[in-house]
Amino acid sequence: MAMTTTQKILAFHSGLLHVVPGQLIEANLDMVLGNDVTAPVAINEFEKVGGSTVFDKAKISLVMDHFTPNKDIKSAQNCKQVRDFASKHGIENFFDVGDMGIEHALLPEKGLVVPGDAVIGADSHTCTYGALGAFSTGVGSTDMAAAMLCGKTWFKVPGAVKVVLSGALKKYVTGKDVILHLIGKIGVDGALYKSLEFFGDGLKSLSMDDRFCIANMSIECGAKNGIFPVDGKVLDYVGQRSSRNPMIFEADSDAVYDEVIEIDLNSLEPTVALPHLPSNTRLAKDAEDLKIDQVVIGSCTNGRLSDMRQAAEILAGKKVAKGVRLIVIPASQEVYLECLKLGFAEIFVRAGGVFSTPTCGPCLGGHMGILASGERAVATTNRNFVGRMGHPKSEVVLSSPYVAAASALRGYLTCPYKL
Amino acid sequence: MKAQGFAHKYEDNVDTDVIIPARHLITADPKELAAHCMEDIDKDFAGKVLKDDIIVAGKNFGCGSSREHAPISIKACGVSCVIAGSFARIFYRNSLNIGLPILECDEASRDIKDGDQISVDFDSGLICNRTTGKTYASQPFPEFIQNIIKKGGLLQSIAGDI
């Protein structure tokens with residue numbers, strides 16, 4: 001029977017020739033990921049059952065990114081617990097302050113995921129690595145603990161939604177606008193339990209950073225994973241970062257999809273998601289009267305170099321509006337250094353913004369930019385749920401870096417065409 | 001295995017940020033998490049919830065973050081079961097992995113009202129609204145899932161095999 005890309009990867013990792021949607025399988029994993037919020041819970045579980053060794057110290061990544069540099073004593077204790085665990089078990093991919101980045105920017109950048117891999121992470125945005133043609137999905141801490149012990153986990157084989165992209169993105173339209181448009185169209189549970197599989201000629205106009213952003217937010221429409229075909233851009237990206245051989249899986253031409261969605265990239269415009277769901281989308285030009293107090297540019301969704309470049313392009317030589325707090329957070333040390341070399345950091349600071357060390361920070365209301373009651377932010381992050389960035393009566397509008405930077409200049413939600 | 005308690009009713013798309021806001025993720029202690037359960041959607045929940053009560057919600061319950069702290073906080077409040085039209089997949093997995101029973105039943109999730117007295121039989125999947133007398137069928141848990149719930153979680157259930 002014909003299979004989708006995801007089904008082929010899962011079959012391979014389970015030692016099966018064929019799998020069908022709904023089938024329960026046990027897959028061998030290439031990488032198991034956790035962070036400073038989820039790994040402590042996993043370590044407690046690991047130790048509770050007397051776990052003495054991990055399945056493979058090269059196939060576990062522990063990234064201290066959510067509440068780091070530590071914001072308080074409890075978060076410091078959590079990091080210390082993970083640090084001690086990493087040291088005791090010789091975990092090779094432990095990333096602490098100084099070499100950490102936001103996990104989903106960091107793992108691809110360090111070459112720790114290659115096409116064809118099967119990856120789980122105790123973080124919902126683990127689906128990001130689908131941009132590399134890998135199967136990757138978020139799980140909880142208990143699954144992470146079990147996987148650290150045995151290197152395997154069970155999955156229910158997902159059905160799929162096929163997304164066919166045609167055309168090319170216009171100026172000021174990015175991967176973020178593509179995924180917000182899609183989530184607005186199908187809803188926050190529009191791909192629940194399914195894989196979201198991207199195809200079409202339109203892929204040519206999407207950079208790797210666009211694809212990471214799109215795969216990253218697949219979870220926001222309930223998908224188990226988002227996945228892209230492996231083309232020259234992916235092979236170039238991976239070739240520069242990993243010595244491992246990529247394994248390329250391609251969907252059968254007669255693979256069955258539960259739904260097919262076509263998107264003409266030429267027709268897309270800068271898009272935002274208003275509070276309090278990522279599916280509550282509007283064209284940016286139709287929401288321009290919203291006054292804002294803060295702008296956050298960063299996160300595992302939009303903290304990569306091209307995101308910084310887009311923000312710098314808008315902000316160069318300008319000043320943010322009075323009363324707006326601009327917080328720019330590159331997603332990794334590599335992106336941070338590039339921002340210094342390319343002069344982006346100076347642009348952000350001269351514009352009246354702050355330029356932070358990598359952290360998830362404000363995206364989840366952790367630290368580094370918490371909102372007060374009644375405040376509103378435009379953010380390049382991934383969720384705008386009630387209380388996501390702070391007080392339950394604060395609001396978050398999701399956007400691309402172009403829209404966020406343009407909004408910082410005017411103090412109101414702004415479509416960049418208006419500047 | 002059975003559960004019985006009063007219903008606390010919520011709408012569609014209850015996300016993990018409102019079940020347990022990130023400001024409380026600095027602890028993994030179930031009791032501390034329980035004190036803040038549902039805080040940003042129903043700030044009195046932790047004070048009013050009684051042992052064995054049941055959460056009933058619409059579709060896509062538990063969407064958002066992978067934080068296992070969300071089902072942990074619900075379980076530590078004494079909630080015996082969550083019934084929803086559908087669950088976000090990571091929340092679904094996490095709940096069973098920590099031994100919190102959850103059932104998908106669209107009709108029950110729409111009919112049941114806040115405060116109704118509900119009983120659930122996990123062997124048969126039967127949900128009974130004792131206030132209205134109406135019953136609903138949901139898919140019963142297979143034996144290995146029941147075993148995880150009885151032992152209190154996935155790792156406890158496999159501890160002997162490691």
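Excluded from the calculations below are hydrogen atoms, water molecules and symmetry mates; all remaining heavy atoms, backbone and side chain alike, are included. Please read all numbers here as calculations on a predicted model, not as lab measurements. Protein chains get the first letters and strands the later ones, always in sequence-line order, with residue 1 at the start of each.
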Among A/Thr137, A/Thr38, A/Asp143, which has the most heavy-atom pairs under 4.5 Å with chain B? A/Asp143
Are A/Val139 and B/Asn97 close enough, and set up right, to give a side-chain contact (heavy atoms from CB on, under 4.5 Å), and what steps lead you there? CA-CA 10 Å; A/Val139 296; B/Asn97 279 344; over 6 Å; no
Could you measure the distance from the CZ atom of B/Arg67 to the OG atom of A/Ser124? Nearest 0.5 Å is fine. 8.5 Å
Tell me, side chain or backbone of A/Ile73 under 4.5 Å from chain B's heavy atoms, or both, or neither? neither
For B/Lys48, look at atom NZ and say whether over 12 heavy atoms of other residues, nucleotides or ligands are found less than 6.0 Å away. yes
Need one label for A/Asp36: side chain, backbone, both or neither, based on atoms under 4.5 Å from any heavy atom in chain B. neither
Turns out that what part of B/Phe91 lies under 4.5 Å from chain A's heavy atoms comes down to neither
So, the part of A/Leu192 with a heavy atom under 4.5 Å from chain B: the answer is side chain
Whatever's closer than 4.5 Å to a heavy atom in chain B on A/Lys48 counts as side chain
What's the spacing between B/Leu25 CG and A/Ser75 OG if we round to 0.5 Å? 11.0 Å
Any chance you could measure A/Cys127, atom SG, to B/Ile90, atom CD1, to the nearest 0.5 Å? 7.5 Å
If you define the side chain from C-beta out and look only at heavy atoms, does anything of B/Ile26 sit under 4.5 Å from A/Lys71? yes
Using a 3.5 Å distance criterion without hydrogens, assess whether the side chain of B/Arg89 forms a donor-acceptor pair with backbone atoms of A/Lys194. no
SB check B/Lys59 A/Asp189 (cutoff 4.0 Å): yes
Under the criterion side-chain contact (heavy atoms from CB on, under 4.5 Å), I'd like the reasoning laid out for A/Val188 against B/Cys63: C-alpha separation, chi angles, the key distance, then a yes or no. CA-CA 8 Å; A/Val188 287; B/Cys63 61; 5.5 Å; no
Taking every heavy atom of B/Asp17 against every heavy atom of A/Arg388, the minimum-distance pair comes out as OD2-NH1, 2.8 Å
Measure distances from B/Ile41 to the heavy atoms of chain A and classify the residue's part below 4.5 Å as side chain, backbone, both or neither. neither
What part of A/Asn44 gets closer than 4.5 Å to chain B, counting heavy atoms only: side chain, backbone, both or neither? side chain
Do any N or O atoms from the side chain of B/Asn94 and from the backbone of A/Gly140 form a donor-acceptor pair under 3.5 angstrom? yes
Heavy-atom closest pair, residues B/Phe87 and A/Tyr193: O-OH, 2.6 Å
Polar side chain donor-acceptor pair, B/Arg93 to A/Thr153, under 3.5 angstrom: yes
Let me confirm one number: the OG-CG distance from B/Ser66 to A/Asn35, rounded to the nearest 0.5 Å. 7.0 Å
Could you check if a side-chain atom of B/Leu155 sits within less than 4.5 angstrom of a side-chain atom of A/Leu149, using non-hydrogen atoms only? yes
Using heavy-atom distances under 4.5 Å, tell me whether A/Asn78 contacts chain B through its side chain, its backbone, both, or neither. side chain
Heavy atoms of other groups near A/Lys152 NZ, more than 12 under 6.0 Å: no
Starting at CG of B/Leu154, measure out to CD of A/Glu45 and round the result to the nearest 0.5 Å. 8.5 Å
Are B/Ser65 and A/Arg383 side-chain neighbours, meaning at least one heavy-atom pair lies under 4.5 Å? yes
